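Here the structure comes first, spelled out in structure tokens, and everything after it is commentary.
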Amino acid sequence: MVYMSKALPKRSENYSEWYNEIVKRADLAENSAVRGCMVIKPYGFAIWEKMQRALDDMFKATGHQNAYFPLFVPRSFLEKEEEHAEGFAKECAVVTHYRLKANPDGKGLVVDPNAKLEEELIIRPTSETVIWSAYKNWIQSWRDLPILINQWANVVRWEMRTRIFLRTAEFLWQEGHTAHATEEEAVEETHKILGIYADFAEQWMAMPVVQGVKTASERFAGAEDTFCIEALMQDGKALQAGTSHFLGQNFARSFDVQFVNKENQLEYAWATSWGVSTRLMGALIMAHSDDNGLVLPPKLAPIQVVIVPIYRSPEDLAKISESIEPLIGALKTAGLAVKYDDSDNQRSGWKFAEYELRGVPVRLGIGMRDLENGTIEVARRDTLTKESRPIDLVSPDSFVAGIKSLLDEIQESIYDRALRFREENTFLVDTWDEFKEQIEKGGFIMAHWDGTAETEEKIKEETKATIRCIPLVSDEMAGKCVYSGKESAKRVLFARAY
RNA sequence: CGGGGCGUAGCGCAGUCUGGUAGCGCGCACGGUUCGGGACCGUGAGGUCGGAGGUUCGAAUCCUCUCGCCCCGACCA
């Protein structure tokens with residue numbers, strides 16, 4: 001109903017409609033003909049590529065290498081690690097046949113019943129099992145360790161309800177899978193990656209996160225410990241933005257991956273796995289954007305600076321285009337992603353609105369008046385403010401330096417804003433009544449918990465709030481469980497979550 | 001799988017109750033006037049009304065079957 005209007009739905013009125021519209025209107029992605037799957041459009045994919053590049057560099061810098069493992073997982077592999085199998089069984093797509101044939105009863109194609117697979121192939125919901133079946137052959141001695149592998153891939157989890165970017169049946173991600181000679185080293189790896197994820201979220205996405213460990217009930221199927229980064233979205237719900245798992249020797253046992261240690265004894269290898277997905281796109285949108293559209297952190301924006309000419313005649317446009325050539329060159333030389341939009345099929349006002357919708361951090365507007373005055377209009381997407389700045393169009397280097405520092409300032413500023421939002425929406429809660437009341441309003445709740453799965457479950461049933469994590473950094477002040485009144489060593493993080 | 005809703009032009013919708021030449025807005029094409037925050041006027045193109053069957057002189061509209069999508073719940077990065 002509001003779709004036709006130029007304005008987006010308001011966050012305050014209908015948050016999920018606002019989210020869906022922003023994804024569509026900013027041209028990030030669309031729903032596909034296949035249920036639960038999305039088409040990521042070029043503009044959206046460009047953001048994902050920037051995320052990939054930054055993360056990939058961080059993985060490489062810490063000694064990891066990329067590789068690729070198959071899409072198909074034999075059923076017998078998935079079965080091997082019992083908890084893992086149980087955890088993923090109910091959301092697997094299964095390949096049972098390898099051939100189609102012409103429909104003998106009419107048009108089209110049907111599955112050829114003679115082409116039934118001896119053993120079903122599961123479309124990977126994650127790759128631990130295929131990878132550890134390969135590692136078995138890669139690992140003989142402690143000298144073969146550690147193995148530090150990452151892969152960029154798609155996975156499929158047959159979700160009952162999907163939401164674009166946040167929970168799709170197929171999604172893109174990276175999954176790291178490492179093997180180590182000692183428990184200490186594997187645990188260290190788990191933490192190292194968690195740190196990388198937190199740095200990426202904060203420094204690139206400008207999204208503050210809480211690092212923590214999951215409770216047993218929220219743990220990855222097959223893990224000893226699951227660490228996570230949790231972010232707070234603008235509607236007060238939590239979003240798990242990345243996970244890093246310490247897998248112990250569970251997969252090594254299941255796949256019989258043993259190595260000879262320095263003492264010439266056989267030992268099972270220690271494992272980790274970790275991943276972030278296209279869900280981060282959803283996080284990015286919900287962390288910063290406003291009722292005018294997307295707000296992108298400069299470091300991840302496919303277009304960092306857009307230049308919009310303001311003119312009447314083709315002659316004016318030609319004059320502007322010629323005058324700003326050195327500027328465009330200088331911006332590019334400075335390493336900035338710049339777009340000069342001289343297209344003639346939309347007017348400047350339309351372009352202003354469009355680039356705001358798409359979240360371009362800085363917009364430069366230049367018209368004939370500016371040419372005369374030696375000025376240019378600089379507009380900030382995050383604050384929606386604009387100012388006229390002087391510019392020497394012949395040698396614009398100092399102006400460009402100013403734009404560069406403005407982009408840094410924007411990156412910092414949207415992080416600060418998100419951090420302030422999280423601080424203002426994190427509540428210390430000590431009574432059950434207060435808990436029930438606050439959870440309705442949203443936000444992070446720091447409360448004491450007695451450590452039992454029963455209490456955790458009861459709280460979830462009564463309030464839909466889950467323990468997002470037990471924060472790694474917190475003041476270790478003992479208290480009483482907000483639900484049961486029993487002893488508690490420290491507060492944990494509760495929220496309703498995506 | 002349970003409970004709701006919807007399939008009509010590229011997109012968003014009206015028309016269905018009460019059967020009678022398939023419409024509106026946006027977008028698109030062309031021409032003109034405009035142009036410092038989503039311009040306006042004129043002309044035009046574009047539809048197996050999700051699919052199949054039935055009732056009828058006549059079906060987008062009534063009946064039967066069927067396919068698909070969306071929202072709410074149970075599952076989850």
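Lettering follows sequence order; numbering is per chain, from 1. On a predicted model such as this, the values are computed, not experimentally measured, just so you know. All values below were derived from every heavy atom in this structure, side-chain atoms included, with hydrogens, water molecules and symmetry-related copies excluded.
In this structure, NZ of A:Lys90 is placed 16 Å from C1' of B:rC1, rounded to the nearest angstrom. Atom CZ in A:Arg124 sits roughly 15 Å away from atom C1' in B:rA77 (whole-Å rounding). The distance between atom CE of A:Met160 and atom P of B:rA77, rounded to the nearest whole Å, is 13 Å. Straight-line distance from the CH2 atom of A:Trp350 to the C1' atom of B:rG37: 13 Å, rounded to whole Å. If you measure from atom CG of A:Leu8 to atom P of B:rG12, you get 16 Å, rounded to the nearest angstrom. The interatomic distance linking A:Arg35 (CZ) with B:rC71 (P) rounds to 10 Å, in whole Å. Between A:Glu21 atom CD and B:rC70 atom P there is a gap of 15 Å when expressed in whole angstrom units. Between the CD atom of A:Glu128 and the C1' atom of B:rA77 there is a distance of 12 Å, given to the nearest Å.
Between A:Lys24 and A:Glu21 there is a salt bridge, since at least one side-chain N of the basic residue sits less than 4.0 Å from a carboxylate O of the acidic one. The pair A:Lys436-A:Glu440 does not meet the salt-bridge criterion, since no charged nitrogen lies less than 4.0 angstrom from a carboxylate oxygen. Taking 4.0 Å as the cut-off between side-chain N and carboxylate O, A:Lys458 and A:Glu462 do not count as a salt-bridged pair. The existence of a salt bridge linking A:Arg380 and A:Glu409 is confirmed by a sub-4.0 Å separation between a basic side-chain nitrogen and an acidic carboxylate oxygen.
Using the six-membered ring where Trp is involved, A:Phe251 and A:Phe255 have ring planes that are parallel, under 30° apart on the 30 and 60° scheme. Relative ring orientation between A:Phe171 and A:Trp173 is described as perpendicular, the plane-to-plane angle rising above 60° on a 0-90° scale split at 30° and 60°.
Residue contacts shown for A:Thr226 are absent, as no nucleic acid heavy atom lies under 4.0 Å away. Using a 4.0 Å heavy-atom distance criterion, A:Gln240 is classed as a sugar-phosphate-only contact. Within the 4.0 angstrom heavy-atom criterion, base atoms lie near A:Leu166. At the heavy-atom level, A:Tyr498 lies nowhere under 4.0 Å from the strands shown.
A ring pair (Phe, Tyr, Trp, His ring centres under 6.0 Å) with A:Phe220 is found for exactly one of A:Phe88, A:Trp274, A:Phe227, namely A:Phe88.
Between B:rC40 and B:rU34, the two P atoms lie 16 Å apart (nearest whole Å). Here the separation of B:rU16 from B:rC63, taken at their C1' atoms, is 14 Å to the nearest Å. For B:rU55 and B:rA14, the C1' atoms lie 27 Å apart once the distance is rounded to whole Å. Straight-line distance between the P atoms of B:rC69 and B:rG12: roughly 16 Å, to the nearest whole Å.
The stretch residues 355-382 of chain A comes close to RNA chain B through A:Glu356, A:Arg363, A:Gly365, A:Gly367, A:Met368, A:Arg369, A:Asp370, A:Glu377, each having a heavy atom under 4.0 Å from the strand. Only A:Ser277, A:Arg279, listed by number, bring a heavy atom of residues 277-289 of chain A to less than 4.0 angstrom from any atom of RNA chain B.
Between A:Lys60 and A:Asn66 there is a side-chain heavy-atom pair separated by less than 4.5 Å.
With both pairing distances under 3.5 Å, B:rU34 is matched to nothing as a Watson-Crick or G-U wobble pair. Of the nucleotides present, B:rC67 is the one that pairs with B:rG7 by Watson-Crick or G-U wobble criteria, both distances under 3.5 Å. As the counterpart of B:rA59, no nucleotide is assigned, since no Watson-Crick or G-U wobble pattern has both distances under 3.5 Å. Base-pair partner of B:rG23: B:rC13 (Watson-Crick or G-U wobble, both distances under 3.5 Å). Judged by Watson-Crick or G-U wobble contacts below 3.5 Å, the nucleotide B:rU43 has B:rA29 as its partner. Base pairing of B:rC1 is made with B:rG73, judged by Watson-Crick or G-U wobble geometry with both donor-acceptor distances under 3.5 Å. The partner of B:rC49, taking Watson-Crick or G-U wobble pairs whose two distances both stay under 3.5 Å, does not exist in any strand shown.
Taking CG of A:Leu194 as the start and SG of A:Cys228 as the end, the distance is 7.5 Å to the nearest 0.5 Å.
Of the listed nucleotides (B:rA74, B:rG38, B:rA77), B:rG38 has the atom at the smallest distance from the side chain of A:Arg25.
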Please produce a list of atom pairs where a protein N or O lies less than 3.5 Å from an N or O of nucleotides 29-35 of chain B.
residue	atom	partner	partner atom	Å
B:rC35	O4'	A:Arg347	NH2	3.1
B:rC35	O2'	A:Tyr311	O	3.1
B:rC35	N4	A:Arg312	O	2.8

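Here the side chain of A:Gln304 pairs a donor or acceptor atom with the backbone of A:Pro298 at under 3.5 angstrom.
Side-chain to base pairing of A:Lys386 with B:rG36: no donor and acceptor N or O lie closer than 3.5 Å to each other.
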